[in-house]
Each structure stands twice: as C-alpha cells, then as structure tokens.
Protein chains: 2
Amino acid sequence: MTTDPAPARRRPTHRKGRATLTRASVGQAALDFLGRHGPAELTMRALATELGVSPRALYNYVEDRRDLITVAAEIFQSEWRPPTLDPAPDRWRETLRAYCHDLRAHYRRHPGMTTLALSENITMARHPVMLRNVDALIGFFTEIGGTGLPPREAYLACMETIRQIVGFVEFQDRPHDRPPEDLDPAELRQTPPPWLREGADDLPHLRRAAEDQHSELPDEVFEFTLDVLVDGIAATAVKRRDL
Amino acid sequence: MTTDPAPARRRPTHRKGRATLTRASVGQAALDFLGRHGPAELTMRALATELGVSPRALYNYVEDRRDLITVAAEIFQSEWRPPTLDPAPDRWRETLRAYCHDLRAHYRRHPGMTTLALSENITMARHPVMLRNVDALIGFFTEIGGTGLPPREAYLACMETIRQIVGFVEFQDRPHDRPPEDLDPAELRQTPPPWLREGADDLPHLRRAAEDQHSELPDEVFEFTLDVLVDGIAATAVKRRDL
DNA sequence: ACCTGAACACCGTTCAAGT
DNA sequence: ACCTGAACACCGTTCAAGT
C-alpha cells in the first residue's frame with residue numbers, strides 16, 4: 001500500500017509474526033497500558049504477556065522497571081503540543097487559561113503517569129520537546145501585560161503553573177475519576193458524606209460545604225484554581241513593576 | 001516511677017518481653033518507619049521484623065497493607081496542631097503565611113506519607129482533628145479582610161491552600177530532599193545542568209534560569225508560591241465584594 | 001542477536017496448627 | 001486470644017541455554 005523508501009536493512013522489522021521490539025515501542029506499550037490500567041498493574045510480566053514475549057525479553061530494551069517508566073514518561077511528554085500563548089495585555093489571561101486547560105487534559109489522559117514517576121523518584125521534563133515548551137512558557141511570562149515579569153519571577157511563574165496543573169490532576173481529578181473501590185458508588189453522592197454524619201455539630205462550615213452540590217465538581221474547582229493562579233501572577237507582576 | 005491509676009486489666013500490656021500490639025501502636029510504628037525509610041521499603045515483613053513479630057501477627061490488628069497505611073495516615077493527621085489564624089485586615093496575610101509554613105513542615109517530616117496514600121487510593125483528611133482544622137480554615141476565609149469570602153469561595157480557598165502545600169512538598173521538597181540515587185550528588189549543583197548542555201541554543205530562558213543559583217532553593221520558591229496564593233485569594237475576595 | 005525457561009529472592013496474604 | 005511456620009500466588013531480575 002505505502003511505498004517504503006528502501007530502508008536500511010540493519011534490523012528485521014518482524015519476528016515470529018509480531019513487530020520487533022524497540023526501546024521506543026516497549027515504552028509506548030507501557031504508556032498505553034497506563035491509559036487502560038492502574039499504575040500498580042503495570043508489571044514487567046503483565047506488559048510482556050501483552051506484547052507476546054517472555055518477561056526476560058523486555059530487559060533487552062530497558063534496564064529495569066524504573067527505566068521502562070522513564071521511557072514511557074518521555075514519550076508522554078513528547079506527545080503534547082501546547083496551544084499558542086499571547087502575552088498582549090488583553091489576551092494573556094485567557095490564553096494562559098486555555099493553555100492550562102489543555103495541559104490538564106493531557107495529564108488526565110494518563111492518570112497513573114505522574115504518580116508513578118513520583119513514587120519511582122523519576123525526574124520528569126527532560127524530553128527536548130518538553131524543554132522547548134517550558135522555555136516558551138517562561139518567555140511568555142517575561143512579556144505578559146506589556147511590562148512582563150523579570151527573568152527569575154517568570155521562571156518561578158512557569159514552574160508554579162506546571163506544578164499547579166499536576167497537583168490538581170493528581171489530588172483532585174484522579175480521586176474523582178477513579179474513586180477507591182472499597183466504598184459504594186452511591187456513597188459518593190450522599191450529602192452530607194458519611195464521615196460527616198456524627199459529631200459534626202462543631203463543623204458548621206464543612207457541613208455547609210458538603211451540602212453544596214457544586215463543591216466537588218472538578219471542572220468548577222479548576223476554574224477557582226485558575227482564578228487564584230492568574231490573579232496571583234498578575235498581582236506579582238504589578239508589584240514588581242512598582243518597585 | 002509514675003503512679004498508674006489501676007487500669008482495667010482486660011488485656012495484658014506485655015507479652016514475651018515486648019509491649020502488646022494494638023491497632024494504634026502498629027500504625028504508629030508504620031508512621032515512624034516512614035520517617036526513616038522510603039515508602040517502598042514499608043512492607044508487612046519489614047515492619048513485623050522491626051516489631052519483633054511474625055508478618056502474620058500484624059493481620060490481627062490491620063486488615064491489610066492498605067489499612068495499615070490508612071491508620072498511619074490518620075495518626076499523621078492527628079499529630080498536627082495548627083498555628084492560630086487572625087482574619088483582621090492587617091493580619092490575615094501574615095498569619096495565613098505562617099500557617100502554610102507550619103503545614104509544609106509537618107508534611108515534610110513524613111515525606112512518603114502523601115505519595116503512599118495517593119498511590120494506594122486512600123482518602124485522607126478523615127480524622128476528627130483534621131476535620132476540625134479544615135473547618136477552622138474555612139471559617140478563617142469567611143472572615144478575612146473584613147468582608148470575607150462567601151461560603152463556597154471560602155471552602156474552595158481552603159482546599160486550594162491545602163492542595164498547594166501538599167503539591168509543593170511532593171513535587172518540590174521531596175525530589176530536593178531525596179534526590180534520585182542514579183545521579184551523582186555533585187551533578188545536582190552543576191550549572192547548567194547536564195540535560196541542558198547541548199542543543200540548548202533555542203532555550204534562552206531555561207539557560208538563564210539554570211545559571212541562577214537561587215532558582216532551585218525550595219524555601220525561596222515557596223515564598224513565591226505563597227505570594228501567588230495569598231495575592232490570588234485577595235484578588236478573588238476583592239472581585240466578589242465588587243459584584 | 002535475541003529469545004525462552006528455570007530459578008532466586010522478594011512481596012502480600014492465608015491456612016493449619018501451636019500455646 | 002494471639003501467635004508461629006509453612007505455604008501460595010505473585011513480583012523484579014538473572015542465569016544458562018537455545019535458535
């Protein structure tokens with residue numbers, strides 16, 4: 001069907017009916033696996049079974065499980081193309097918000113990735129594509145609102161933004177998208193929640209919040225997070241300008 | 001030495017020379033263990049060895065490993081006594097900052113706790129003491145700066161604050177306090193870092209940030225985080241007042 | 001060169017039996 | 001009532017041997 005441009009025949013592309021493994025293909029398989037199952041289920045043996053090879057075969061392409069997760073994380077990072085940012089005074093807020101929405105959606109697509117990297121002490125954001133994205137985001141902050149932020153504050157604002165998105169996905173979206181299995185799904189929508197049922201007479205604010213149906217909708221909570229982030233950065237920008 | 005007030009003798013306090021196990025003592029031992037070792041090292045077998053019993057003995061007090069971690073998390077929460085907050089217009093910012101510093105220090109003392117609870121899908125903040133703390137923090141936000149925040153915004157501000165602290169400890173402090181073992185300690189202080197060495201010609205902002213010695217000091221980064229958080233919440237308060 | 005199968009040292013958890 | 005010891009099914013990883 002396709003016209004292959006006579007590739008270098010260094011390495012067979014197939015073996016025993018399946019495509020030959022590579023470091024990249026093994027990492028991609030791990031990333032796909034994380035989109036379907038929880039991080040704890042990603043074992044060398046399970047991945048090997050899915051690829052139709054013995055567990056030992058994976059060790060020809062990755063050093064160990066930690067290395068496997070590192071490859072998956074790199075592919076994960078390289079897959080994201082950020083929306084364009086506009087530092088103009090009347091545009092930077094909305095484009096930054098759109099940027100954050102898109103980044104949140106990307107992390108949310110592979111819920112286990114960040115937690116897994118965290119628990120394995122893997123340093124993320126090393127992939128060239130991600131480094132370029134980070135550099136562009138810092139550049140954006142050095143120009144926002146006309147005056148822009150000084151270099152150091154722009155760097156901090158960039159890291160702050162990324163950390164907030166990751167934190168939101170891990171601590172808000174993930175428990176919401178994959179609630180613990182030991183409680184009934186019906187129990188989730190009860191108001192007030194069972195742990196607030198008794199002895200909550202001295203917890204008036206929590207009780208009121210628990211009765212508010214909107215309180216736990218992640219999308220609405222995320223808007224508040226963006227409000228605080230954007231306004232907080234704007235205030236910092238004003239403060240630095242007045243110095 | 002101490003005068004014991006004739007306790008009810010329902011249960012022996014010692015057995016074979018060591019104190020009798022209880023659900024609380026096992027949980028406390030797990031929490032202590034997490035202060036000394038990484039979360040992955042906390043195994044039923046390792047904890048049993050440290051307590052001088054067989055692994056099976058632990059199952060008389062906790063249902064399984066997940067339950068053990070839940071108990072440890074509850075003890076962890078009950079151990080924190082928050083500093084006092086003052087919502088007065090000229091005081092709320094500084095007292096909120098002090099509050100956040102204290103909470104950060106508490107989480108930092110048991111680095112593995114949050115990550116472990118996260119990876120085991122354990123819902124935190126169920127302990128009565130912590131619920132009271134959360135309620136008080138919401139109450140604080142309903143009164144800040146004279147006008148205060150509406151109930152819903154106060155609740156969101158409370159959750160935002162806690163999430164930011166936890167996110168900071170997990171994503172900033174933990175990698176800094178316990179760097180991955182596969183790179184030399186010397187490599188950490190190099191400027192620019194090795195992953196920025198080549199092909200970084202189109203990464204001017206990252207390069208500049210990497211040369212700035214202050215960029216990676218967690219305490220200074222934390223001040224920026226608090227700047228954004230406090231100013232962001234203040235801006236939200238003003239916005240709501242003007243509506 | 002790349003794979004398989006067997007093995008080792010770990011893990012959580014359970015069973016049957018001790019005291 | 002609470003414990004031990006042995007066992008089971010898992011895991012990451014390695015060794016020796018196949019093709």
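Just so it is clear: chains get the letters A, B, ... in the order the sequence lines come, proteins before strands, and each one is counted from 1. Predicted model only: the values in this text are computed from it and were never measured.
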Exercise for the section: Treat primed atoms plus P, OP1 and OP2 as sugar-phosphate and everything else as base, then score nucleotides 5-10 of chain C 5' to 3': B for base contact with protein heavy atoms under 4.0 Å, S for sugar-phosphate contact only, - for none. Expected result: B-B---

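- With respect to Arg65(B) and Glu120(B), a salt bridge is recorded, a charged nitrogen being found less than 4.0 Å from a carboxylate O.
- If you take OH of Tyr59(B) and P of dG12(C), they are 6 Å apart, rounded to a whole angstrom.
- Salt bridge annotation for Arg208(A)-Glu211(A): absent, with no cationic side-chain nitrogen under 4.0 angstrom from a carboxylate oxygen.
- Scanning both residues, Pro82(B) and Tyr99(B), for their nearest heavy atoms gives CB-CE1, 3.5 Å.
- The phosphate of dC3(C) (OP1 or OP2) has a side-chain N or O of Tyr61(A) nearer than 4.0 angstrom.
- The distance from atom CG of Leu58(A) to atom P of dT13(D) is 11 Å, rounded to the nearest whole Å.
- For Val53(B), the side-chain atoms get nearest to dT4(D) when compared with the rest of dC3(C), dT13(D), dT4(D).
- dC3(C) atom P lies 11 Å from atom CG of Leu51(A), rounded to whole Å.
- Spacing between atom CE of Met44(A) and atom P of dG12(D) amounts to 7 Å, rounded to whole angstrom units.
- Side-chain contact between Thr114(B) and Val169(B) is absent, with no heavy-atom pair separated by less than 4.5 Å.
- Along DNA chain D, the nucleotide nearest to Glu63(A) and the one nearest to Glu41(A) differ in position, and the one closer to the 5' end is contacted by Glu41(A).
- Between Glu50(A) and Arg36(A) there is a salt bridge, since at least one side-chain N of the basic residue sits less than 4.0 Å from a carboxylate O of the acidic one.
- When rounded to the nearest whole Å, the span between CZ of Arg23(A) and C1' of dA1(C) equals 18 Å.
- Ring planes of Phe76(B) and His110(B): perpendicular class, angle over 60° (limits at 30 and 60°).
- Stem analysis of DNA chain D (at least three stacked-register Watson-Crick or G-U pairs, each with both distances under 3.5 Å) gives C:4-8 with D:12-16, C:12-16 with D:4-8.
- In this structure, Asp64(B) and Tyr59(B) approach most closely via the heavy-atom pair CA-CE2, 4.1 Å.
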Exercise for the section: Please assess His101(A) against Glu223(A) for the test side-chain hydrogen bond (donor to acceptor under 3.5 Å, both in side chains), listing each intermediate value before the final yes or no. Expected result: CA-CA 9 Å; His101(A) 272 110; Glu223(A) 294 306 319; 2.8 Å; yes

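- Dashed line: the shortest gap from a side-chain N or O of Asn60(B) to OP1 or OP2 of dC3(D) is under 4.0 Å.
- With Thr70(B) contributing its side chain and Arg66(B) its backbone, the two residues share a donor-acceptor pair below 3.5 Å.
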